[in-house]
> 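Before we start, here is the structure in question, set down as C-alpha cells.
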Amino acid sequence: MPVFNCESWLPQALESIGTQSFPGFELIVVDDGSTDRSCRIVEDAARSDSRIRLERQARLGISAALNRAVALARSPIIARMDGDDVAAPNRLQMQMDFLGSHPDVAAAGSWARVIGHRNEVIGELKPDTLPSRLREILPKQNPFVHSSMAIRGDILRSLGGYRQALDGAEDYDLWLRISERAELANLPEFLLSYRSVRPQSNEAAIRKQLLAARLARLSAKARRDHQTDFVDTLPVPLDLATLGQRDDLRATAELYRLLARPVADPVPVGDFGILAGTELNHAERKTAQFWLRDVLQSQRTFAARSMALYWLLKLHPARGLTLIGSALRAK
C-alpha cells in the first residue's frame, strides 16, 4: 500500500485489510513523503496489529514506493491497494483461491465500486473478465483496476517490478509485460471500493499519464517486433526534449509538445499536421480536442481557427460539434 497524504481515508483502508476473512497476510505500507498524519495513523494501527509494517521514504513517486514494498514482501502473492480505497471482507480469500486454482494466471484484479466522500456509491468499474478478451483489449488500453490487483511475486520480480520512467502508467506497462509470459484475469466480483475524491488531475498530469501509456504501448510493440525495449533508457522523469532526439519517439514527442503548447501563443498552420502523423487512441483524441477547443477560442488568425475547426470534427465529430458550440458561446 503506497501512501501519500491520505489521512482522511487511511483508517478505513487499513481496517478493511485488517478484518479480511483471509488472516495470513502482511501489510506493507510505504509512506511516500506524506506531510499529513498518514504515518502516525499507520503507526497506531501497527501497534494493535503486528501484521502491519510501515516503511518511510522521501517523495519518490508511486513506482519507487511499490518496488520497495515488493522487495520487502515475503508472500508468493502480492496484492495491491491504495490508502484511500476499501477492500471487501473476502477480497484476499477470493483472489488467493482464484490464483490457486488457475496456475496459468499471473495476476488477477476485480470489479470495483466507485465511492465518494461519505462512502456513497457513485459508479462502477466493470472491466472484462475473460483472459481472451483481456488479451484483445490490453494492447489498446488498460483493462484493470490497479488497486484491485493480486500478482504472483515471482513473475513481478523477474520482470524487474514497476518502471519508474512510466509513472502514471506504471501499472499498464507491467500488465503488458506480464501478458507476454502468462494470462491475466479479472474476477466478476466487486472486491474493491475505489474512492474518487483524489485531487483532480491538472492538464499537465493528464498529459503525463497519456504519454506514459503511449510509451508503454510502443515498448510492447517493440518487444513484439523483436526490437530493443527502450524504456530503461528513458530519463526519469520523462523529458520531451530527450524523447525528441530519438528517431523512434520523435513523433510522440512532437505530439505531446503540441498538446502542451499554450493556446494563447500563435500556432503555425503546419503544426496542426502533427495530429495526422500519429495514430491517437480514444483518450488522446479527447485531450487533443479540448486543446483544439481552447485554440479555437484563443487564436485570432483565420487559418489557425479553420484548422482547429477541421481537426475538432475530424478527430471525433459528435464531441467536436459539442466543443465547437461551447467555444463559440464562450467568445
Side-chain angles (χ1 to χ4, degrees), residues 59 61 140-142 164-170 172-173 198-222 230-231 233-331:
R59 181 75 168 141
K140 305 170 187 175
Q141 64 187 52
N142 185 356
Q164 195 169 354
L166 299 185
D167 265 8
E170 75 290 334
Y172 184 32
D173 171 64
R198 299 174 175 89
Q200 291 297 310
S201 297
N202 58 35
E203 292 180 4
I206 292 171
R207 287 195 302 270
K208 175 186 174 183
Q209 184 177 37
L210 292 176
L211 173 59
R214 170 172 283 273
L215 293 172
R217 291 193 298 273
L218 290 174
S219 70
K221 183 178 185 303
F230 56 81
V231 169
T233 69
L234 296 179
V236 179
L238 290 174
D239 173 57
L240 289 176
T242 303
L243 294 182
Q245 295 172 5
R246 300 177 56 123
D247 291 341
D248 55 341
L249 299 178
R250 186 170 295 120
T252 291
E254 289 178 350
L255 170 65
Y256 279 86
R257 198 177 288 121
L258 177 70
L259 298 181
R261 178 176 296 177
V263 293
D265 294 348
V267 182
V269 171
D271 286 3
F272 288 94
I274 292 171
L275 297 172
T278 307
E279 184 179 352
L280 309 182
N281 70 2
H282 174 77
E284 289 173 327
R285 286 196 301 273
K286 185 175 181 180
T287 296
Q289 283 187 295
F290 277 101
W291 178 78
L292 289 163
R293 177 204 59 188
D294 294 342
V295 167
L296 181 61
Q297 289 178 325
S298 303
Q299 295 291 299
R300 295 186 177 183
T301 68
F302 174 78
R305 287 168 56 81
S306 295
M307 292 302 294
L309 281 168
Y310 170 80
W311 280 103
L312 274 165
L313 294 172
K314 185 174 179 62
L315 290 177
H316 191 289
R319 184 167 56 235
L321 285 171
T322 299
L323 292 174
I324 290 168
S326 68
L328 294 177
R329 286 192 297 272
K331 287 191 69 68

> Could you walk me through whether Val295 and Trp311 satisfy the side chain to side chain contact (heavy atoms under 4.5 Å, CB included) test, starting with their C-alpha distance in whole Å, then the side-chain angles of each, then the deciding distance to 0.1 Å, before giving a yes or no?
CA-CA 11 Å; Val295 167; Trp311 280 103; over 6 Å; no
> Between Gln245 (side chain) and Leu243 (backbone), is there a donor-acceptor pair under 3.5 Å?
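No, Gln245 side chain to Leu243 backbone: no donor-acceptor pair under 3.5 Å.
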> Give me the atom names and distance for the closest heavy-atom approach of Glu284 to Leu210.
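So the minimum-distance heavy-atom pair works out to OE2-O, 4.2 Å.
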> Could you state the interatomic distance from CG (Leu218) to CG (Asp248), rounded to the nearest 0.5 Å?
8.0 Å
> With rounding to the nearest 0.5 Å, note down the distance linking CG in Leu312 to CG in Leu323.
6.0 Å
> Provide the closest heavy-atom pair for Asp167 versus Ala212 in the form atom of the first, atom of the second, distance.
O-CB, 3.9 Å
> Is a donor from one side chain sitting under 3.5 angstrom from an acceptor on the other, for Thr278 and Arg214?
no
> So Arg217 and Asn281, side chain to side chain contact (heavy atoms under 4.5 Å, CB included) or not? Walk me through it.
CA-CA 11 Å; Arg217 291 193 298 273; Asn281 70 2; 3.2 Å; yes
> Test your reading of the model: is there a side-chain donor-acceptor pair from Trp291 to the backbone of Arg261, 3.5 Å cut-off?
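Checked: pair present.
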> Say you draw a straight line from CD of Glu203 to CD1 of Ile206; how long is it, rounded to the nearest 0.5 Å?
7.0 Å
> For Ala165 versus Leu238, what's the shortest heavy-atom pair and its separation?
O-CG, 3.3 Å
> Using modelled atom types only, decide if a donor and an acceptor are shared between the side chain of Arg293 and the backbone of Ala327 within a distance under 3.5 Å.
no
> For residues Gln141 and Tyr172, report the shortest heavy-atom separation together with the two atoms involved.
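So the two residues come closest at N-OH, 3.3 Å.
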> Hey, what do you get for CG (Leu249) to OH (Tyr256), rounding to the nearest 0.5 Å?
12.5 Å
> Compare all side-chain heavy atoms of Thr301 with those of Val269 and state whether any distance is below 4.5 angstrom.
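They are not in side-chain contact.
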> Considering non-hydrogen atoms only, spot the tightest contact between Ala169 and Ala213 and give its length.
CB-N, 3.4 Å
> So does Leu240 get a backbone contact from the side chain of Arg257, meaning a donor-acceptor N/O pair under 3.5 Å?
yes
> Thr233 versus Arg246: any side-chain heavy-atom pair under 4.5 Å?
yes
> Between CG of Leu292 and OG1 of Thr287, what distance do you get to the nearest 0.5 Å?
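The OG1 atom of Thr287 is 11.0 Å from CG of Leu292, to the nearest 0.5 Å.
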> Using a 3.5 Å distance criterion without hydrogens, assess whether the side chain of Gln289 forms a donor-acceptor pair with backbone atoms of Lys286.
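No: the side chain of Gln289 does not pair with the backbone of Lys286.
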> Might you point out which heavy atoms bring Leu280 and Arg285 nearest each other, and give the distance in Å?
O-NH1, 3.0 Å
> Output the distance between atom CG (Leu215) and atom CG (Leu234), rounded to the nearest 0.5 Å.
6.0 Å
> Answer yes or no: is there a donor N or O on one side and an acceptor on the other, between the side chain of Gln299 and the main chain of Arg305, under 3.5 Å?
no
> Does Ser219 reach the main-chain N or O of Ala216 with its side chain, forming a donor-acceptor pair under 3.5 Å?
yes
